[in-house]
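Keep in mind the model is a prediction, meaning the values are calculated, not measured.
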Amino acid sequence: MPELPEVETVRRRLEPELVGRRLERVDIHDPRLTRPFDPAGVAAELEGERIVALDRRGKYLVFRFESGRVLLVHLRMTGQLLHGNGDALSAEDAHRRAVVRLDDGSDVIYRDIRRFGTWLLVEPGELGPYFEGRVGHEPLARGFTQKRLGEALAGRQAPVKAVLLDQRRLAGVGNIYADEALWRAGIHPCRPAGELSDAEIATLHRGVRAALRAGIALQGATLNDYRQPDGASGRMQDEFKVYGRGGEPCDRCGALIEKTRVAGRGTWYCPSCQR
DNA sequence: TTGGCGTCCTGGAGGC
DNA sequence: TGCCTCCAGGACGCCA
């Protein structure tokens, strides 16, 4: 499922291909994609727009247009953005939810098996209010310090993993990278967030950033559905320390990795070296 | 304000 | 072989 490293990988691949291009035709096949707005209306508004920048905020892809409008694309669980010739990209694919024809004749295909993904067209000046209170610190930004992480965790009785997954506090961390970050930090995912010491917060701060950077360096993790815009798989799944490795030995201490459930999510950890 | 749970959604795995 | 049930999880709404 696309988290910060996967979304950033998609952004980096698409940016040189899409910036400067005009949207000639937009076909949105899934009425759920643009809820609560009419997909035909959204498509009509998008046609003719020129992309001037492609950014990322948390797990959102931010398409900025010449008019000042912004299209926010969230891939959720199984969303994919593919770029190429639409006819060659399996036109019969039942999971195609939208197709955008660009002015160079290429296509951007949006496919989504579980249909959780969303497209939201935001008017100039509305992006800030939309993100306000909804999307928290960027964990790889220069300003995300150990102090900022400490503030996000302070006073919370919820499991530390649940707080890492809370996008209002930390943007972009999902189930995979939360587990991987906690393993790197040697912290048990069920520990109450507010009880971590300053030293543990410092270790977790390094662990979160290291896990996310590793994911970006390996072009994300491909488990089932995530693909890069050219269809290639990521390689992070080959470097997982705990996620999905229940019953296998821990790389650090050799104890068998266990699985539990935290915040309603499957959670893998080492019972020996994560305290 | 906080934390937990249900909902949306579909494909795959496992059981019978 | 076919059918049924369960599981996976990001964001959001609801409730205690």
Please check this pair: side chain of A:Arg265 against backbone of A:Arg261, looking for a donor-acceptor N/O pair closer than 3.5 Å.
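Checking the backbone N and O of A:Arg261 against the side chain of A:Arg265, no donor-acceptor pair under 3.5 Å is found.
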Check whether any side-chain N or O of A:Gln274 sits under 3.5 Å from a backbone N or O of A:Ile187 as a donor-acceptor pair, and report yes or no.
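At least one qualifying donor-acceptor pair exists.
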Whole angstrom value for the distance that separates [atom2] of [N] from [atom1] of [X]:
X: A:Leu33; N: C:dA11; atom1: CG; atom2: C1'; value: 15 Å
X: A:Arg169; N: B:dT1; atom1: CZ; atom2: P; value: 11 Å
X: A:Leu170; N: C:dA11; atom1: CG; atom2: C1'; value: 16 Å
X: A:Phe131; N: C:dC12; atom1: CZ; atom2: P; value: 11 Å
X: A:Leu165; N: B:dC5; atom1: CG; atom2: C1'; value: 15 Å
X: A:Leu4; N: C:dG10; atom1: CG; atom2: P; value: 13 Å
X: A:Leu120; N: C:dC12; atom1: CG; atom2: P; value: 10 Å
X: A:Met77; N: B:dT10; atom1: CE; atom2: P; value: 13 Å

Verify the stacking flag for A:Phe116 against C:dG10: centroid separation must be under 5.5 angstrom and the ring planes must differ by under 30 degrees.
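According to the criterion (under 5.5 Å, under 30°), yes, A:Phe116 stacks.
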Under 4.0 Å between a side-chain N/O of [X] and OP1 or OP2 of [N], yes or no?
X: A:Arg76; N: B:dC8; value: no
X: A:Arg114; N: C:dG10; value: no
X: A:His95; N: B:dT10; value: no
X: A:Lys59; N: C:dA11; value: yes
X: A:Lys161; N: B:dG3; value: no
X: A:Arg265; N: C:dG9; value: no
X: A:Tyr243; N: C:dG9; value: yes

Option among A:Glu15, A:Glu8, A:Glu6 that satisfies the salt bridge (Lys or Arg N to Asp or Glu O under 4.0 Å) test with A:Arg56:
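Of A:Glu15, A:Glu8, A:Glu6, salt bridge (Lys or Arg N to Asp or Glu O under 4.0 Å) with A:Arg56 is met by A:Glu8 alone.
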For residues A:Tyr60 and A:Phe131, establish whether the separation of their ring centroids is below 6.0 Å.
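Yes, the ring of A:Tyr60 comes within the 6.0 Å limit of the ring of A:Phe131, centre to centre.
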Under 6.0 Å between ring centres, would you say that holds for A:Tyr110 and A:Trp119?
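When the ring centroids of A:Tyr110 and A:Trp119 are compared, they turn out to be within the sub-6.0 Å range.
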Taking the nucleotide of DNA chain B with the closest heavy atom to each, which residue, A:Arg115 or A:Ala158, is nearer the 5' end?
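Its nearest nucleotide lies further toward 5', so the answer is A:Ala158.
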Out of C:dC12, B:dT10, B:dG3, which has the shortest distance to the side chain of A:Ile113?
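Selected nucleotide (nearest to the side chain): B:dT10.
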How would you label the contact of A:Arg168 with the nucleic acid (heavy atoms, under 4.0 Å): base, sugar-phosphate, or nothing?
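The answer is nothing, as A:Arg168 stays clear of every strand by at least 4.0 Å.
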